[in-house]
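The model shown is predicted, which means the values in this text are computed figures rather than measured ones.
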Amino acid sequence: MPSVPNRILLAAAVALLPGATVLPASAVADPLKIGFVSTLSGPSAPLGVHMRDGFQLAVKELGGKLGGQPVEVIVVDDELKPDVAVTKVRALLDRDKVDLVAGVVFSNVMMAIQKPVLESETFLISGNAGPSPLAGKGCSPFFFSASYQNDQNHEVMGKYAQDKGYKRVVLMTPNYQAGKDSMAGFKRHFKGEVVEEIFTQLGQLDFSAELAKIAAANPDALFTFMPGGMGVNLTKQFAQAGLAGKVPFLSAFTVDETTLPATQDAAVGLLSGAEWAPSIDTPENKAFVAAYEKEYGVVPSLYAAQGYDAAKLIDGALRQAGGKVSDKQAFRKALAAAPFKSVRGTFAFNTNGFPIQDFYVVKAVKRPDGKFATAVETKVFEKAKDAYAGDCKLK
């Protein structure tokens with residue numbers, strides 16, 4: 001995909017949505033400007049596309065406005081390169097004078113851009129990345145997560161492995177902030193032996209050496225976090241290596257609606273930790289899943305759900321704050337109240353700007369219509385708070 005930034009004027013519809021109509025700039029007075037940062041190229045692009053599309057779907061449903069105001073969304077592709085992301089974000093802040101920055105899939109990108117954004121006292125609304133430093137001592141009154149704290153979905157699988165009685169587990173993640181948070185989360189509830197911690201390169205697509213090492217270790221289970229194209233290749237290669245059915249495959253952000261179209265039957269039955277699935281039975285979620293499938297022709301992932309919720313959060317906060325981002329104290333207070341109905345159901349913010357919400361074990365399934373999706377197996381944590389909030393000293 002091209003990495004050229006997309007400037008999207010949202011007045012009655014969203015430019016990137018099929019069949020949408022965009023009003024000329026002259027027809028819109030002083031639109032709210034949002035810089036939307038997403039990974040839109042490379043093997044991990046589906047994650048960023050889902051998040052962007054979920055955000056834009058919400059704006060379209062709200063009549064092209066947030067908080068009753070017309071919106072201009074300037075979408076930039078971070079290319080999964082922190083230095084590129086910083087350059088583009090500085091342009092959003094200095095040239096485009098955005099009122100808010102939203103999005104961000106990967107935590108290495110988030111950790112790179114958070115400094116210029118937060119130091120400028122611009123609100124940063126995460127649609128996915130939830131690095132632990134921003135949840136603890138590095139928390140900011142200008143940062144809110146519409147997703148989760150990185151450790152949490154992995155904590156689900158650590159608890160699952162512990163409850164299943166697994167004694168020896170291998171952990172494998174990419175070597176970056178979210179990978180480290182992943183392992184920390186899993187080990188928070190798993191009390192057995194971690195046979196080995198394998199760190200791979202971010203973006204790695206050949207896992208033959210790692211799979212040979214796992215086979216030799218003969219663990220009770222593998223736990224892995226490999227988003228996007230990494231997860232597609234790992235899932236396929238795991239089966240090709242003869243490990244499927246021998247070593248339980250536990251994961252988070254590896255088997256989901258961004259990877260299932262490619263892995264298909266090879267992933268059916270595999271388990272993941274998640275805070276959302278298409279099967280969650282709330283009116284808001286049913287409507288969102290139906291609308292997303294109708295608009296884009298694919299099953300939404302948690303990245304799409306989080307992007308959708310991020311837009312609804314901004315909308316609700318603007319309404320509560322009288323439509324003003326410039327009154328930073330009022331807008332922050334409004335955001336903290338989480339004045340919207342999440343597709344997840346129960347949703348509130350902790351004092352560090354991260355959600356308090358439920359978490360589930362989900363399973364990859366093949367639907368009667370032939371499409372692949374995840375479905376809730378069991379709820380593991382209810383109204384869960386992240387492990388770092390106590391280190392956040394915001395008043």
Side-chain angles (χ1 to χ4, degrees), residues 1-6 16 36-55 75-85 88 103-113 127-131 147 150 153-154 172-182 198-211 222-241 249 251-267 270 272 274 296-304 306-307 364 372-374:
M1 294 184 184
S3 59
V4 179
N6 297 297
L16 293 186
F36 196 87
V37 182
S38 195
T39 302
L40 300 171
S41 53
S44 297
L47 285 63
V49 169
H50 272 239
M51 183 178 65
R52 179 201 65 191
D53 289 351
F55 190 92
V75 178
V76 298
D77 178 10
D78 60 46
E79 303 174 33
L80 193 42
K81 297 175 182 176
D83 56 336
V84 170
K88 292 184 177 182
V104 189
V105 176
F106 285 86
S107 288
N108 57 336
V109 171
M110 179 63 81
M111 290 306 298
I113 72 161
N128 188 62
S147 53
N150 283 350
N153 286 358
H154 313 288
M172 185 166 68
T173 75
N175 189 13
Y176 77 119
Q177 183 64 54
K180 296 170 184 176
D181 289 346
S182 167
I198 302 173
F199 285 102
T200 70
Q201 292 184 354
L202 182 60
Q204 182 171 320
L205 297 175
D206 180 3
F207 300 96
S208 54
E210 289 82 5
L211 290 170
L222 166 69
F223 170 72
T224 188
F225 157 60
M226 289 289 167
M230 295 180 289
V232 171
N233 281 25
L234 176 61
T235 302
K236 291 180 177 180
Q237 292 167 22
F238 185 82
Q240 291 164 0
F249 185 102
S251 69
F253 308 105
T254 305
V255 178
D256 61 35
E257 288 75 14
T258 66
T259 60
L260 283 167
T263 56
Q264 299 193 2
D265 292 317
L270 298 184
S272 300
Y296 303 109
V298 297
V299 183
S301 66
L302 55 79
Y303 305 100
Q306 292 159 186
F372 295 85
T374 56

Q204 vs N233, side-chain contact (heavy atoms from CB on, under 4.5 Å): CA-CA, chis, key distance, verdict = CA-CA 9 Å; Q204 182 171 320; N233 281 25; over 6 Å; no
Please tell me if the side chains of F253 and L47 come closer than 4.5 Å, counting only heavy atoms from C-beta onward.
-> no
Spell out, as yes or no, whether a donor-acceptor pair under 3.5 Å connects the side chain of K88 to the backbone of D78.
-> no
Would you say the side chain of F199 lies within less than 4.5 Å of the side chain of T173, judging by non-hydrogen atoms?
-> yes
Exercise: identify the closest heavy-atom pair between V105 and G48 = CG2-CA, 3.7 Å
Spacing of K236 atom NZ and T259 atom OG1 [to the nearest 0.5 Å] = 10.0 Å
Side-chain donor/acceptor of Q237 to backbone N/O of L234, under 3.5 Å = no
Using atom types as modelled and distance alone, determine if a side-chain donor or acceptor of T258 lies under 3.5 Å from a backbone N or O of G228.
-> no
Kindly write out the residues that satisfy ring-ring contact (aromatic ring centres under 6.0 Å, His included) with H50, not counting sequence neighbours, or none if the list is empty.
-> Y292
After noting the C-alpha distance and the side-chain angles of V299 and F372, does the key distance pass the side-chain contact (heavy atoms from CB on, under 4.5 Å) rule?
-> CA-CA 8 Å; V299 183; F372 295 85; over 6 Å; no
Non-hydrogen side-chain atoms of F238 and L211 separated by less than 4.5 Å | yes
How would you list, by chain and number, every residue that makes a side-chain hydrogen bond (donor to acceptor under 3.5 Å, both in side chains) with D206, sequence neighbours excluded?
-> S208
Shortest non-hydrogen contact between S38 and M51, atoms and distance | OG-CE, 3.4 Å
Of all residues at least two apart in sequence or in a different chain, which pass the side-chain hydrogen bond (donor to acceptor under 3.5 Å, both in side chains) check with S251?
-> S272
Where is the tightest heavy-atom contact between A364 and A267, given as atom of each residue plus distance?
-> CB-O, 3.3 Å
Can you find a pair of side-chain heavy atoms, one from T254 and one from T235, that are under 4.5 Å apart?
-> yes
Rounded to the nearest 0.5 Å, what separation is found between the OG atom of S44 and the CG atom of L80?
-> 5.5 Å
Which atom pair, heavy atoms only, marks the closest approach of P227 to F106?
-> CG-CE2, 3.9 Å
Do the rings of F225 and Y176 sit parallel, tilted or perpendicular, given the 30° and 60° boundaries?
-> parallel
Please check if the side chain of S301 supplies one atom and the backbone of E257 the other of a donor-acceptor pair under 3.5 Å.
-> no
For the student: nearest non-hydrogen atoms of A85 and I113, plus distance = CB-CG2, 3.7 Å
For residues A129 and M110, report the shortest heavy-atom separation together with the two atoms involved.
-> CB-CB, 3.8 Å
K81: partners by salt bridge (Lys or Arg N to Asp or Glu O under 4.0 Å), with sequence neighbours left out = E79
Rounded to the nearest 0.5 Å, what separation is found between the CE atom of M226 and the CD atom of E210?
-> 7.5 Å
Contacts of type side-chain contact (heavy atoms from CB on, under 4.5 Å), residue A274, not counting sequence neighbours = L302, V362
Using the test ring-ring contact (aromatic ring centres under 6.0 Å, His included), find all partners of F223 that sit at least two apart in sequence or belong to another chain.
-> H154, F186
So, N150 side chain and G130 main chain: donor-acceptor pair closer than 3.5 Å or not?
-> yes
How many angstroms lie between OG1 in T39 and CZ in R52, if you round to the nearest 0.5 Å?
-> 12.0 Å
Taking N128 for its side chain and Y303 for its backbone only, find out whether a donor-acceptor pair lies under 3.5 Å.
-> no
Taking the side chain as C-beta and beyond, is there a heavy-atom pair between L270 and T263 under 4.5 Å?
-> no
